[in-house]
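Following: one structure in structure tokens, then a few remarks.
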Amino acid sequence: MAISHRVWYTIYRGTIRFKGDDTMRKLEYTFKTDTLFKMLFVQYPELLKKLVADLLGIPLQSIGQFVIRNPEMPPENLGDKFCRLDINMTVNEQRVDLEVQVCNEGDYPERVMYYWAREFSSALMAGQGYSTLPRTIVISIIDFILFECEEYDSFFQPLEVKRHTLLSDKMGFHFFELPKLPDDVDEDDMLLLWLSLFKAETEEELEKIKEMEVPVMSQAINAYYTITASSEFREKERLRAKARHDEAQALYNARREATIERNIEIARNMIADGEPVEKIVRYTGLTKESIENLKA
């Protein structure tokens, strides 16, 4: 008899525990959906400020200057597969870039360093000295395991490899790996509560976080339902989803073309070796007609 792996929650003295479940109501969109992520936190900048404070580990009251530098999300750009829906901010004269990444495409550290370099170098105005360049931090909330360690949060800066002397505090990379989050989340741990929102895949998970009655979490979840119910979001997500489907189809077609080209090359080599047509068909999957045409 098959055993159903159910999810259950325990709320005890301000702690919520999550367990896996394949019967819960899946969210159509999550906090990891890039269009939702950007729309929500641009339209609710106070929530974004609180999120950034907890991600950076600084008191909210210490943030004086807070500016979103790229609030726009033009519809014509959403269909571009290279469109990156991150949020660029100036926080107390620092440049902070926040993004959510769902899939590991194999070169994520290099990608993050590239974005850091672009942000850092673009801050230097004509005639200014290098010392005026601002501290630039990239924050990545990722839905995959990137580092072989137990910790779900990692912070990198350039250090001398033997003495561990800091070269400069103007470079920094925060990574938060959602799959490593603990099952137990305390109502007083705002960082874990935020990350649990991003990790949530079901309505029950959002509801249980809301039941903890942490005001900021309730505000974020209410904002989530407001944004996802809007026609503006639905249209932006439709364009974004179409771009993802088009990209997947283009990748499929490119791989198919590469496979055909490889099989044609194999067939040519087998023809040159005098192999029978039936064997070439078996090894390459090409039709007899195609192979006869290659002979011509």
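Heavy-atom basis, side chains included; hydrogens, waters and symmetry copies ignored.
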Quiz prompt | Which atom of Ala220 lies closest to which atom of Leu40, heavy atoms considered | solution = O-CD1, 4.1 Å
Quiz prompt | Distance-minimising heavy-atom pair for Val112 and Ser140 | solution = CG2-OG, 3.8 Å
Between [Y] and [X], does any NZ, NE, NH1 or NH2 come within less than 4.0 Å of an OD or OE carboxylate oxygen?
| X | Y | value |
| --- | --- | --- |
| Glu265 | Arg262 | no |
| Lys26 | Glu205 | no |
| Glu99 | Arg111 | yes |
| Glu150 | Lys180 | no |
| Arg256 | Glu261 | no |
| Glu201 | Lys199 | no |
| Lys208 | Glu211 | yes |

Under 3.5 Å, which donor-acceptor pairs do the side chains of residues 126-139 form with other protein atoms, sequence neighbours left out?
unit_1: Gln128; atom_1: OE1; unit_2: Met125; atom_2: N; d: 2.9
unit_1: Thr132; atom_1: OG1; unit_2: Gly129; atom_2: O; d: 2.6
unit_1: Arg135; atom_1: NE; unit_2: Asp169; atom_2: O; d: 2.5
unit_1: Arg135; atom_1: NH1; unit_2: Gln94; atom_2: OE1; d: 2.8
unit_1: Thr136; atom_1: OG1; unit_2: Pro134; atom_2: O; d: 3.2

Exercise. With rounding to the nearest 0.5 Å, note down the distance linking CD1 in Ile271 to CD1 in Ile264.
Key: 10.0 Å
Practice problem: Following the transitive rule for hydrophobic clusters with a side-chain heavy-atom cut-off under 4.5 Å over Ile, Leu, Val, Met, Phe, Trp and Tyr, establish whether Leu98 and Leu191 coincide in one cluster. | Solution: yes
Self-check item: Sequence-distant partners of Tyr283, ring-ring contact (aromatic ring centres under 6.0 Å, His included), two or more places apart
Solution: none
I'd like a table of donor-acceptor pairs (distance under 3.5 Å, sequence neighbours excluded) in which one partner is a side-chain atom from residues 42-68, with atom names and distances.
unit_1: Asp54; atom_1: OD2; unit_2: Trp194; atom_2: NE1; d: 2.9
unit_1: Ser62; atom_1: OG; unit_2: Pro59; atom_2: O; d: 2.6
unit_1: Gln65; atom_1: OE1; unit_2: Glu93; atom_2: N; d: 2.7

Quiz prompt | Aromatic centroids of Tyr224 and Phe31 separated by under 6.0 Å | solution = yes
Self-check item: Ring center gap for Phe175 and Tyr152 short of 6.0 angstrom
Solution: no
Quiz item: Under 4.5 Å between any side-chain heavy atoms of Phe233 and Tyr29, yes or no?
Solution: yes
Practice problem: Please state whether the rings of Phe41 and Phe198 are parallel, tilted or perpendicular, taking 30° and 60° as the class boundaries. | Solution: parallel
Exercise. Walk me through it: do Thr228 and Arg234 pass the test side-chain hydrogen bond (donor to acceptor under 3.5 Å, both in side chains)?
Key: CA-CA 7 Å; Thr228 54; Arg234 294 280 177 165; 5.6 Å; no
